[in-house]
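Predicted model, so just to flag it, every value in this text is computed and none were measured. Sequence positions, counted from 1, serve as the residue numbers for this chain. Side-chain atoms are counted along with the backbone in the values below, which use heavy atoms only and exclude waters and symmetry mates.
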Amino acid sequence: MTDPLDFTGKRALVIGGSSGIGNAIAQSLRVRGASVTVTGTRPDAGDYLEAEDSDFTGVDYVELDVTDRDGAAALYGKLGAVDVLIQSQGIVRYGRQEFAREGWDDVIDVNLNSVMDVARAFHGGLAEKKGTMIVISSVAAFNATKGNPAYGASKAGAASVVKSLGEAWAKDGIRVNGIAPGFVPTKMTTVTTEHPERSAGALAMIPMRRFGQPEEMAGAALFLASPLSSYMTGQTLVVDGGLTLS
């Protein structure tokens, strides 16, 4: 019997796979046989190793600035078609920066505009491979984020793009799904996870009384990328320890 989680012979690209959730997904795919390329904003993978808890074992690294509106198309020109496309890029601006035009634009460009840029660029290859695309959004897509209006709007937009492309691209044999993580310790969430008072407040809202781990988000991604979810498209899985249940 064929193992549905065996990705041997498959090519995967993880946008934003240089750290955090994206990095965990990249390594999970690699361990299961996929040929994996990850992108990041720094010139070289080595630039991450001292600053962040990144693992580039067995994966290829390429630099990509997703705010370059032609960057994704250029990357497709270099890599060609992939079977699995993970979009895990994202930024947030704290200190009410997102209420200003510059902060709003920065976050929307990375978290929403680039999602469509990448999808558009790799659509042809995904159709050729009958592949799958997975977009990492956030539970912020479904709740108010009073200090971060651009982050919340961009993640809601990303979840909506999953629905729209899931329907539009089904005829091409492409499945499009998403994951909405809750609190996961990464460089973006340290403002909460490494702050004792905020951390305690967040944990009190989570029925499982713990933060999620990047590897747990990777488990959801493996499911969505595999034949186990072959009848799913346009859906965003909420993986949050029960945070959004009440």
For the residue pair [X] and [Y], what are the closest heavy atoms and their distance?
X	Y	result
A140	T145	CB-CG2, 3.6 Å
R209	I206	NH1-O, 2.6 Å
V162	G178	CG1-N, 3.9 Å
E216	R210	OE2-NH2, 2.7 Å
T57	R30	O-NE, 3.3 Å
P181	I136	CG-CG2, 3.8 Å

Please confirm whether the backbone N or O of [Y] pairs with a side-chain atom of [X], one donor and one acceptor, at under 3.5 Å?
X	Y	result
S229	L224	yes
N23	D55	yes
S164	V161	no
S137	A158	no
R32	L222	no
R175	G131	no
R11	A81	yes
S154	A150	yes
S199	P196	no
N177	I134	no

S18 versus R42, side-chain donor and acceptor atoms under 3.5 Å
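No, no side-chain donor-acceptor contact under 3.5 Å.
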Using only heavy-atom distances, determine whether the side chains of D240 and T244 contain a donor-acceptor pair under 3.5 Å.
yes
Honestly curious: do [X] and [Y] fall in one hydrophobic cluster under the side-chain, below-4.5 Å linking rule?
X	Y	result
L237	F183	no
F56	V84	yes
F223	F7	yes
M208	F211	yes
Y76	W169	yes

Checking side chain to side chain contact (heavy atoms under 4.5 Å, CB included) for the pair I15/L64: CA distance, chi angles, key distance, verdict?
CA-CA 8 Å; I15 306 296; L64 175 66; 3.9 Å; yes
Spatial distance of atom [atom1] ([X]) from atom [atom2] ([Y]) [nearest 0.5 Å]:
X	Y	atom1	atom2	answer
L79	T37	CG	OG1	5.5 Å
T233	K163	OG1	NZ	13.0 Å
D68	D65	CG	CG	6.0 Å

Is the number of heavy atoms from other residues, nucleotides or ligands within 6.0 Å of CZ (R101) greater than 12?
no
Does CD in E215 sit with more than 12 non-hydrogen atoms of other residues, nucleotides or ligands closer than 6.0 Å?
yes
Trace of the side chain to side chain contact (heavy atoms under 4.5 Å, CB included) decision for I21 with V184:
CA-CA 8 Å; I21 292 171; V184 177; 4.2 Å; yes
Check side-chain contact (heavy atoms from CB on, under 4.5 Å) between V191 and all other residues, then give those that pass, not counting sequence neighbours.
Y94, R198
Validation: residues 118-130 side-chain donor-acceptor distances under 3.5 Å, sequence neighbours left out:
residue: R120; atom: NH1; partner: D117; partner atom: OD1; Å: 2.9
residue: H123; atom: NE2; partner: D172; partner atom: OD2; Å: 2.9
residue: K130; atom: NZ; partner: D172; partner atom: O; Å: 3.1

Using the rule side chain to side chain contact (heavy atoms under 4.5 Å, CB included), only one of D60, V62, V14 pairs with T39; which is it?
V62
Any Lys/Arg nitrogen of K187 or E194 sitting under 4.0 Å from an Asp/Glu carboxylate oxygen of the other?
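E194 and K187: not salt-bridged.
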Applying side-chain hydrogen bond (donor to acceptor under 3.5 Å, both in side chains), name anything that partners Q235, two or more places apart in sequence or on another chain.
none
Begin with the C-alpha distance, continue with both residues' side-chain angles, and end with the deciding distance and a verdict on side chain to side chain contact (heavy atoms under 4.5 Å, CB included) for N111 and I91.
CA-CA 7 Å; N111 295 3; I91 62 170; 4.0 Å; yes
So I25 and L29, side chain to side chain contact (heavy atoms under 4.5 Å, CB included) or not? Walk me through it.
CA-CA 6 Å; I25 294 173; L29 287 166; 4.0 Å; yes
